[in-house]
Amino acid sequence: MEFNENQKRVIAHEKGPLLVEAGPGSGKTTVIVERIKYLLNNLNIAPESILVITFTRKATENLRNRLNDYISKDDLSKMHISTIHSFCLEYLKSKEGFLKLLDDDNSEKKELFIQKHKRALGFVGSATLFDYQIPAIIDKFGEYTSFNVNTDKLINYIKETKPISKDYLDFIESEIYFSKKRIEDNDFKDDWYNARYLQTPKAYLKYLEVLDNNSYVDYDTLQLKTLKHLTRDPKTQFNAVLIDEFQDTDPLQIRIFEILLKQSDYFTAVGDVDQHIYAFRSSFRDYFKDMKERFDAEIISLDVNYRSTANIVRVTDSFIKHQRSDYTQKHLVSNNDNYDNDTFLIESEDSQDEASKIFNIIAELKRLNKIEDYGEVAVLYRKHNTRTIANLIELLDENNIEFVIRGQNDLADQNEIRSILLLLWYLTRNMDEGHVLSGDELDELNLKAFCGEYFEPTFWSLEDETKTYLTTLQDLFYENILKVENEIRSLQGKRPVKSYKRVRVNESYENLIRIFNKVTPPVIDLRHVHEADREFFNNLNNLRKRILNNELTILDVYYELISLNFNKLSQDKVRNLSMLTRTIYNYESFISQTDVKGLFYFLNRIIKNYGSNYSSQNGVQLMTVHAAKGLEFPVAIVASLEKDKFPMKIKDPKREKRTIFMKDTFYTPNEFLKYKEVTLDEENELDRQEEERIIYVAMTRAADLLILSCVGKTPDVINNIKNYLKKPNLNNVIINRHFTNNDTEKLKLNYSSFSTYNLCPYMYDLVYNYGFKVSSEKVTNFGTVFHEVMETVNLKLKDGEKISKEELILITQDIYKSMFDIKETEDEFNMLIDSILNYYNTYSLNQEVVECELPFELEHENYILNGEIDLIYKIKDSEIAILDYKNAEHDDNKIAHYEKQLYIYASALKEMTEFDKYEIKKGITHFVKTDYRHEVDITDEKINKQLYKLNEVALKIQNNEYPKRESGFCNVCKFQVICQN
């Protein structure tokens, strides 16, 4: 491949910090790959001393796949390529031992964690926090950590500026329980807000303590702890550091990167300030400029665009160049000299008009054979609830044109999900008199929903007779609510109301209690249900009884429900249902395995934030700009550009609003945030600039044809480049690059997935392809803690440390109490101490640890093999053994399975050059519950046999072979309910 001069300069850069301005389509990933190759092959940098930080896990996988074609498996396995959070977690574990990551992409675990610890965090009484308000607290805790908050000063500021009235405190003291409706009725809404505001920084300090007590870190505290360790001891193994997407660096990360820079000879940061669209809690700093000034870093610009035509490059560069600082060297040009297209501007009066014009252009592109399939066209927009997109979807549907919506929060709108929520409501609904119905129960969670009143049911189909009965029953209930409400209003001299749906808004809390005390909720009498439907309701009633008796976990209940129609569902619907199991699993882990009602409320609240699955990849691509970052399309239509909406006007420039988008603001003045070094006016200007950059990123996704579509009043930023834009004329348009984005990834296999497939391919499909989860088995404290203690101990032994009896007891105690209550399980804890001391003195004391907790990921022809080896230790100078801890009891029937695992691990070691000098002689499975060790001899014959079987399984998976396999395991399989259908 031919590289331009600046690409060559980046690839062959010698010592000293380097900043790479990588413009859109400039071959950034290719240059990073070549830079790594140069470090390895030309500068002889050891692979284990190379650290590459990517922005996403997907980017990590992509980079690994690209490197795999050029460097050895061994070198690739030694390099550290990961996201910043994965790097910090691994680094912290080497410093602090046992840690658990609380965060995930949706902050679901963190939300459940805070829900569980609300009382300990002080969100009670006057500062009562409802579960739906937790996301705002998560945001503030993250802000406090990342910007180094001064909690004492912030607390004093809130006390002085957001007073809480004595009347409110007296009112709360007099109440039996907290009622939002009572707060609103008595005009204490502001006081309640101020109380939560004040409690938030107080709770933050307690939150950090609760995290530590439970050995948890979230994404923010993970970075903070890493920074503290690196500040104390900045030395690391990394002499060459590469940072991708450097423009999206946050305040903690930049401080980590600066330490790494000072300790490395080869530091390269790659990014594009123009494409910074992930403003970190309303803050952005140009770290390219800072790095250049503070560390005299060299800047090289990759300014040849290999993606877009010359006209697109001219238009986009003219759009954004006014934002660029003086230091930048970017002068973007296109590499495409063969053809060019005008950039078009559509102007529409309203969303219906805009949708029609966009549709006509898409249809015309296909009619004129300018595009080969609709997947070559992307329609990009600011947010999903744009009216134009809803109208466009209708037009695409009406004309049978396929489309794909990416990143839309529409899981709650899918019929199968609505069906599940309705069934969970029915199983857990409160039948007691006096239950005040929620807004959802007055809306769509009712008996009429079973009849298809609001959506098409997925798991049942009722006879007309049953539908008539249920509808009448529900309507009668609503009539009674309205009747009682108007009777009360009449006594109070108020005018009658016409709709029961307004009851929660119109009435005081006292009146709501009076109304619902007089109205009995509807109860189904099966004698009035059609005979064909009685079994369905009988099964639900029986399931409710089993729930009340705590006979089932929540996931057991879930599988009972979806088994009603599981095998007739499309792949997309199955994937949507699998997503719920991950949420349920988290709920079981943090809150309860049997609280079905609590799970229902949690699901009903958070599911609105989740997106559904779409299989088709060949339709028109509809997505937000943020979802499109990193992608490219032959045709990009940037839709719904409108003054004050896209780019979006700053919502609260003076920071006066209590809520934005129904979320508490709890503003923190910048003076109390050490790492936020901007004024409020500067911050507002940064937000405005980011809105422009969002449009720039959208525009630069286009390879051959860019179309800007405005609705209503044209934004000033578009008027500024209007002389570059033409009215649409597709006749002379040339689309030469016909491609769609390919998201396929190479199959990954580990011992667990391999053994699952051998046990039952159908179960493998459910677990590893769809992601279905099952309830965690109740493992003993003994086995779980034993494994974690030995991980910590072996890391110390590897570093040549000797561990005293007292230190060993302290390590065990710290890990044990992070999981379990020592006082409640004192006998088991004492047995565990004795067992660990005995194990250490018998096996570990004179054992030379070569490596422990060794992760591996090795590419084979048909799959990638990954896993983690618990322990590798010397038998003799040139002989080693591998050991795997099992929390299970010794079982002769399972020994063969565990032996296969050891052979697979041995095969991985044989591919790593650092173990070339050793002969792998033994494999050991240690059963910690029974202190039993099973040993096997490692031979090439046994290793090759397992590698052959691994490849055989990989080929079957690639061929989508997932037959159901009957065995003795079926009786205990959690999927047996859906498997039998």
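- Considering all non-hydrogen atoms of both residues, Leu302 and Leu332 come closest at O-CD2, 4.1 Å.
- Checking Arg658 against Asn194 by side-chain atom types alone, a donor-acceptor pair falls below 3.5 Å.
- Between the side chain of Arg701 and the backbone N or O of Val697, at least one donor-acceptor pair lies under 3.5 Å.
- Annotation: side chain of Met623 is in contact with side chain of Leu631 (closest heavy-atom distance under 4.5 Å).
- Salt-bridge annotation for Arg285 and Asp250: absent, with no side-chain N of the basic residue lying under 4.0 Å from a carboxylate O of the acidic one.
- Applying the side-chain contact (heavy atoms from CB on, under 4.5 Å) rule to Pro135 yields the partners Glu111, Lys663; only residues at least two apart in sequence or on another chain are considered.
- For the salt bridge (charged side-chain N to carboxylate O under 4.0 Å, His left out) test, residues two or more places apart in sequence or in another chain that qualify with Lys28 are Asp244, Glu245.
- Under the side-chain hydrogen bond (donor to acceptor under 3.5 Å, both in side chains) criterion, Thr54 pairs with Thr60, sequence neighbours left out.
- Under the rule for a salt bridge (charged side-chain N to carboxylate O under 4.0 Å, His left out), Asp303 has no partner lying at least two apart in sequence or in another chain.
- Inspection of the Gln223 and His85 side chains reveals an N or O donor paired with an N or O acceptor under 3.5 Å.
- A donor and an acceptor atom, one from each side chain of Tyr667 and Asp652, are located under 3.5 Å apart.
- With salt bridges taken as basic N to acidic carboxylate O contacts below 4.0 Å, none links Asp191 and Lys162.
- If you check the side chains of Gln263 and Thr236, you find no donor sitting under 3.5 Å from an acceptor.
- Judged by distance alone, the side chains of Glu108 and Tyr610 do bring a donor and an acceptor atom under 3.5 Å apart.
- Atom NZ of Lys153 is surrounded by 12 or fewer heavy atoms from other residues, nucleotides or ligands within 6.0 Å.
- Here the side chain of Asn239 pairs a donor or acceptor atom with the backbone of Asp265 at under 3.5 angstrom.
- Neither side chain, Asn409 nor His384, offers a donor N or O lying under 3.5 Å from an acceptor on the other.
- Smallest separation of non-hydrogen atoms from Pro201 and Thr151: O-CG2, 4.2 Å.
- Distance alone, capped at 3.5 Å, places no donor-acceptor pair between the Arg255 side chain and the Leu224 backbone.
- Looking at residues two or more places apart in sequence or on another chain, you find a side-chain contact (heavy atoms from CB on, under 4.5 Å) between Lys798 and Val849, Glu851.
- Ring centroid separation for the pair Phe130 and Phe178 comes in under the 6.0 Å cut-off.
- Val273 places none of its side-chain heavy atoms less than 4.5 Å from the side chain of Phe246.
- Aromatic ring centres of Tyr278 and His626 lie closer together than 6.0 Å.
- Using a 4.0 Å cut-off between a side-chain N of Lys or Arg and a carboxylate O of Asp or Glu, Glu691 and Arg382 qualify as a salt bridge.
- By the neighbour-count criterion of 12 heavy atoms within 6.0 Å, atom CG of Asp296 is sparsely surrounded, having that number or fewer from other residues, nucleotides or ligands.
- Using modelled atom types, one finds a donor on one side chain and an acceptor on the other under 3.5 Å when comparing Tyr327 with Asp286.
- Judged by distance alone, the side chains of Glu692 and Gln323 do bring a donor and an acceptor atom under 3.5 Å apart.
- When atom types are taken as modelled, the side chain of Ser49 and the backbone of Ile45 share no donor-acceptor pair closer than 3.5 angstrom.
- Using the six-membered ring where Trp is involved, Phe672 and Tyr157 have ring planes that are tilted, between 30° and 60° apart.
- The existence of a salt bridge linking Lys140 and Glu143 is confirmed by a sub-4.0 Å separation between a basic side-chain nitrogen and an acidic carboxylate oxygen.
- Tyr696 places no side-chain N or O within donor-acceptor distance of the main-chain N or O of Asp274, the cut-off being under 3.5 Å.
- Inter-residue side-chain proximity for Tyr816 and Val789 is flagged as unmet; no heavy-atom pair is nearer than 4.5 Å.
- Under the 4.0 Å criterion applied to side-chain N and carboxylate O atoms, Lys109 and Asp104 are not assigned as salt-bridge partners.
- Side chains of Tyr197 and Thr665: no donor on one and acceptor on the other come within 3.5 Å.
- The shortest side-chain heavy-atom distance between Ile183 and Phe171 falls under the 4.5 Å cut-off.
- Residues passing the side-chain hydrogen bond (donor to acceptor under 3.5 Å, both in side chains) test with Tyr219: none are found, sequence neighbours excluded.
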Q: Would you please test Arg57 and Glu61 for side chain to side chain contact (heavy atoms under 4.5 Å, CB included) and show each step?
A: CA-CA 6 Å; Arg57 288 188 293 271; Glu61 292 300 315; 5.7 Å; no
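- The two residues Leu260 and Ser264 make their nearest non-hydrogen contact at O-OG, 3.0 Å.
- Checking side-chain atoms of Lys383 against main-chain N and O of Thr624 turns up no donor-acceptor pair under 3.5 Å.
- Between the Tyr193 side chain and the Phe666 main chain, a donor and an acceptor come within less than 3.5 Å of each other.
- With sequence neighbours left out, Glu685 forms a salt bridge (charged side-chain N to carboxylate O under 4.0 Å, His left out) with Arg688.
- Taking the side-chain contact (heavy atoms from CB on, under 4.5 Å) definition, one finds that Ser589 meets it with Tyr585, sequence neighbours left out.
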Anything under 3.5 Å between a donor and an acceptor, one on a side chain of residues 89-99, the other on a protein residue two or more places apart or in another chain? List them.
residue : atom : partner : partner atom : Å
Ser94   : OG   : Tyr91   : O            : 2.5
Glu96   : OE2  : His229  : NE2          : 2.8

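- Side-chain contact check for Tyr207 versus Ile114: some heavy-atom pair is nearer than 4.5 Å.
- Crowding of Asn385 atom CG: a count of heavy atoms from other residues, nucleotides or ligands under 6.0 Å exceeding 12.
- There is no side-chain donor-acceptor pair under 3.5 Å between Asp664 and Thr659.
- Listed by chain and residue number, Asp170 satisfy the salt bridge (charged side-chain N to carboxylate O under 4.0 Å, His left out) test with Lys166 (two or more places apart in sequence, or in another chain).
- Of the possible polar contacts, one joining the Asn214 side chain to the Val210 backbone as a donor-acceptor pair under 3.5 Å is found.
- In this view, Asp272 and Gln275, Lys330 satisfy the side-chain hydrogen bond (donor to acceptor under 3.5 Å, both in side chains) rule, not counting sequence neighbours.
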Q: I would like to know whether Asp317 and Arg324 meet salt bridge (charged side-chain N to carboxylate O under 4.0 Å, His left out); could you show each step before the answer?
A: CA-CA 10 Å; Asp317 209 42; Arg324 292 179 183 150; 2.5 Å; yes
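- Remark: the backbone N or O of Val217 is not paired with any side-chain donor or acceptor of Thr221 at under 3.5 angstrom.
- A pairwise comparison of heavy atoms in Thr83 and Thr56 identifies CG2-C, 3.5 Å as the closest pair.
- For the side-chain contact (heavy atoms from CB on, under 4.5 Å) test, residues two or more places apart in sequence or in another chain that qualify with Thr268 are Leu18, Val20, Arg35, Leu242, Val270.
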